[in-house]
Protein chains: 2
Amino acid sequence: MRRMTARPANAHQAKLLRLLRDGGPNSRAQLGDQIDLSRSKLAVEVDRLLETGLVVADGLAASRGGRRSHNIRLNPGLRFLGVDIGATSVDVAVTNAELEILGHLNQPLDVREGPVAVFEQVLSMAAKLRASGLAEGYDGAGIGVPGPVRFPEGVPVAPPIMPGWDGFPVREALSQELGCPVMVDNDVNLMAMGEQHAGVARSVGDFLCVKIGTGIGCGIVAGGDVHRGVTGSAGDIGHIQAVPDGRPCACGNRGCLEAHFSGAALARDAVEAAQQGLSDELASRLAANGTLTAVDVAAAAAAGDATALDLIREGGNRVGQVIAGLVSFFNPGLVVIGGGVTGLGHNLLAAIRTQVYRQSLPLATGNLPIVLGELGPTAGVIGAARLISDHLFSPA
Amino acid sequence: MRRMTARPANAHQAKLLRLLRDGGPNSRAQLGDQIDLSRSKLAVEVDRLLETGLVVADGLAASRGGRRSHNIRLNPGLRFLGVDIGATSVDVAVTNAELEILGHLNQPLDVREGPVAVFEQVLSMAAKLRASGLAEGYDGAGIGVPGPVRFPEGVPVAPPIMPGWDGFPVREALSQELGCPVMVDNDVNLMAMGEQHAGVARSVGDFLCVKIGTGIGCGIVAGGDVHRGVTGSAGDIGHIQAVPDGRPCACGNRGCLEAHFSGAALARDAVEAAQQGLSDELASRLAANGTLTAVDVAAAAAAGDATALDLIREGGNRVGQVIAGLVSFFNPGLVVIGGGVTGLGHNLLAAIRTQVYRQSLPLATGNLPIVLGELGPTAGVIGAARLISDHLFSPA
DNA sequence: GGGCTTTGTCCTGTGAGTGGAGAAAGTTGA
DNA sequence: TCAACTTTCTCCACTCACAGGACAAAGCCC
């Protein structure tokens with residue numbers, strides 16, 4: 001199948017494509033209700049989109065009391081590739097143009113092996129999805145990487161946990177390999193876009209999305225748009241000082257949030273606690289697996305282990321304290337907590353909420369929901385698909 | 001003189017008005033270079049603006065090697081009122097449509113006396129400026145208040161230091177009294193807009209403007225626009241925790257930034273130091289005036305007083321620590337320090353810089369200027385004039 | 001089958017906008 | 001002093017975007 005080459009010719013067409021993406025199939029009349037155009041002009045633009053093949057008319061909808069309408073929908077053959085590269089694993093998914101996930105793969109990975117090795121793996125996963133009949137090719141791809149990105153060029157810059165990626169032309173290289181347009185962004189920003197598109201942040205214009213995984217980051221959405229900062233490092237809250245003269249951090253400072261709470265820090269603290277004999281539960285798990293992760297702590301807490309609960313609660317307090325400051329500063333309408341440690345669930349959430357509601361101003365917290373992300377591990381890939389579709393569904 | 005009633009009829013006219021505001025008088029040809037319109041269409045829109053009286057053609061400019069051009073400029077009779085209400089004083093200024101200050105008054109004031117008393121004073125100051133021949137009337141007014149504002153309605157909400165103002169319809173009331181359109185915003189946001197329009201932040205799209213006066217606030221500009229947050233309290237950083245279990249704060253928590261450093265906190269600490277005999281310089285000033293302010297501390301530091309220097313340095317460290325976190329989070333292209341304590345000057349700035357450059361990520365600080373505001377006490381009133389002109393110079 | 005509703009198309013009028021021709025008004029150099 | 005050139009501004013004809021009404025098509029309900 002020849003892949004999508006057409007792009008919307010003007011802002012109206014772009015808006016129509018986004019309406020069809022976000023609202024699914026629609027009749028011309030329904031589209032007319034959502035766009036500020038006369039029926040005649042709308043019909044002209046829809047016809048032009050039909051000519052390009054970006055949208056198709058398939059069949060008639062049920063009558064709503066009068067003449068039946070034609071169903072207008074995005075070309076069902078369009079395929080987007082969403083890639084979410086984490087520090088220790090990668091998610092690759094295929095979506096249709098409505099950003100529904102048709103197939104999803106997850107594999108372990110060490111991002112420090114560098115871009116060449118990682119993309120070899122990603123491309124083979126993309127090929128596997130294609131081979132399984134889900135796609136004949138890709139019309140666009142969104143890529144999330146765990147570090148700052150110079151967004152217009154799609155190039156990682158000075159990423160702390162993946163030094164070998166500095167300056168690697170991800171966008172250009174993948175665009176060549178995949179033969180389709182590619183956009184690259186920070187993984188946390190993509191998670192925020194995912195929750196905004198299909199998760200808890202639907203219809204919220206200003207919100208924060210805190211991702212707690214191996215590290216900690218924060219997606220910032222202001223006025224409906226992701227705020228990336230002047231060098232693409234906005235939301236990098238892992239190295240905000242949480243504890244004066246606290247634990248030493250890999251960055252060279254002391255007391256960074258990430259040094260006190262993150263997937264990695266939690267695992268480290270759990271091992272320490274087990275070795276010090278503070279928790280039989282954790283100790284037996286350590287003995288069984290040789291190591292501990294956030295999942296073990298969550299399980300121990302669920303089993304009523306007091307030490308595990310304390311670790312979660314203290315971590316939540318640290319994160320909550322930092323988030324409280326960000327809430328005062330940014331005054332968001334919603335705070336979403338996501339990432340690998342969401343398995344810690346409501347114990348973590350409760351600690352965060354306590355800190356934020358106690359420390360931030362009442363005006364900022366009065367009507368502020370603090371919730372867990374809805375999409376879990378699919379937030380990133382949906383956000384990635386959304387990123388490339390936003391790009392392709394805008395005037396050329 | 002009849003005041004301005006016309007508004008730009010479309011986006012082109014609005015853009016032309018802003019070009020003339022920001023760039024001063026221009027010929028049609030020069031305007032054509034800055035706007036994406038054909039010469040013929042441009043001429044039509046300029047003619048329409050001339051008909052409305054918003055702009056005038058006065059005389060011919062010098063030749064640039066060919067036919068001399070007509071000077072097109074904003075109506076020189078237009079007058080904006082800029083009002084910056086602080087906790088303890090108020091600034092009122094008159095500007096022309098190019099936002100140049102034609103006259104400026106400053107008077108002491110206690111904002112806690114409530115809106116009625118304050119506006120009586122403001123209106124009499126506006127009348128005084130009018131009586132001195134600077135204005136025959138006002139075409140619009142911008143008002144800054146030291147607290148959160150529900151921006152669309154122009155109403156203060158739950159302002160901590162001016163409880164009597166909660167819900168007072170500032171915009172509506174002043175619009176009635178002055179007989180012209182009025183816009184209301186937080187004073188810190190206006191300071192940011194002032195520095196953006198005519199100060200150090202010209203041509204910077206993402207920056208933070210930290211105002212340290214009686215309290216501490218932060219104007220946030222993202223993508224060229226002020227970020228106000230969902231309840232208008234964005235930038236309220238005075239109650240971010242700077243010192244765990246630190247000094248008690250009026251808000252009920254402990255260790256808030258404002259409790260450790262602000263104009264008020266600095267004066268309090270200086271009095272304490274003087275009374276404890278730590279500084280002869282401060283003690284003698286206390287004896288002379290019965291009280292101390294930031295100005296005294298600045299003077300003592302300039303005279304080489306070690307205690308005063310320590311107070312400034314320690315305060316700078318506190319603010320710097322908080323700003324460091326905000327820089328990591330927001331990744332701005334510039335940080336502006338302003339407000340009453342700018343008299344503390346480079347001692348303060350040095351302490352702030354040290355903290356930010358030490359604690360924030362290199363990628364975020366690599367090319368980050370941290371500078372004092374350029375406009376001093378006029379930033380607020382210029383920002384206020386800019387606020388109302390942005391409103392009036394947009395399509396009706 | 002008649003009246004009503006909904007959907008979609010066709011057609012015409014209006015106004016936005018472009019681009020070129022050319023007039024107006026100046027400078028420069030022989 | 002005049003010709004050649006430059007810059008500014010106006011005028012005009014043509015194109016295209018768009019609205020809005022008339023109307024045809026296709027359904028419903030009674």
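Chain letters run A, B, ... following the sequence lines, proteins first, then strands; residues in each count from 1.
Rounded to a whole Å, the CG atom of B:Asn26 is 17 Å from the P atom of D:dT7. Look at CD on A:Gln13: it is 10 Å from P on D:dA17, rounded to the nearest Å. Protein atom CG of B:Asp33 is 14 Å distant from nucleotide atom C1' of D:dC9, rounded to whole Å. What separates NZ of B:Lys41 from C1' of D:dC12 is a distance of 16 Å, to the nearest Å. Remark: C1' of D:dC9 and CD1 of B:Ile72 are 11 Å apart, rounded to the nearest angstrom.
For B:Asn367, the CG atom sits in a loose shell: 12 or fewer heavy atoms of surrounding residues, nucleotides or ligands are nearer than 6.0 Å. Annotation: B:Gln176, atom CD; neighbour count of heavy atoms from other residues, nucleotides and ligands within 6.0 Å does not exceed 12. Residue-environment remark: CG (A:Asp33) exceeds the threshold of 12 foreign heavy atoms within 6.0 Å.
The 5' end of DNA chain D is approached more closely, in terms of each residue's nearest nucleotide, by B:His70 than by the other of A:Asp36 and B:His70.
Residues B:Ile388 and B:Tyr138 fail the side-chain proximity criterion, which asks for heavy atoms closer than 4.5 Å. Within the 4.5 Å cutoff, no side-chain heavy atoms of A:Lys15 are placed close to those of A:Gln34. Here the side chains of B:Glu374 and B:Glu195 are in contact, with some heavy-atom distance below 4.5 Å.
Salt-bridge check for A:Arg48 with A:Glu51: failed, with every basic side-chain N at 4.0 Å or more from each acidic carboxylate O.
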Q) Do A:Lys41 and A:Asp36 pass the salt bridge (Lys or Arg N to Asp or Glu O under 4.0 Å) test, and can you show the C-alpha distance, the side-chain angles, and the key distance before you say yes or no? A) CA-CA 10 Å; A:Lys41 177 60 178 165; A:Asp36 192 25; over 6 Å; no

Q | Trace of the salt bridge (Lys or Arg N to Asp or Glu O under 4.0 Å) decision for A:Arg28 with A:Asp47 | A | CA-CA 10 Å; A:Arg28 287 178 175 81; A:Asp47 286 346; 3.5 Å; yes

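Within residues 55-66 of chain A, the residues approaching DNA chain D are A:Ser63, A:Gly65, A:Gly66, by heavy-atom distance under 4.0 Å.
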Between protein and nucleotides 21-23 of chain D, what N or O pairs are separated by less than 3.5 Å?
none

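Under the side chain to side chain donor-acceptor pair (under 3.5 Å) rule, A:Ser389 has a single partner from A:His197, A:Arg18, A:Arg21, which is A:Arg21.
The phosphate of D:dC9 has neither OP1 nor OP2 within less than 4.0 Å of any side-chain N or O from B:Arg68.
Counting distance only, with no hydrogens placed and no angle test, the side-chain atoms of B:Arg67 and the base atoms of D:dT7 include no donor-acceptor pair under 3.5 Å.
In this structure, the side chain of B:Arg73 does not engage the main chain of B:Gly24 through any donor-acceptor pair within 3.5 Å.
The span of DNA chain C lying next to chain B, judged by atoms under 4.0 Å from heavy atoms, is bounded 5' to 3' by C:dA16 to C:dT27.
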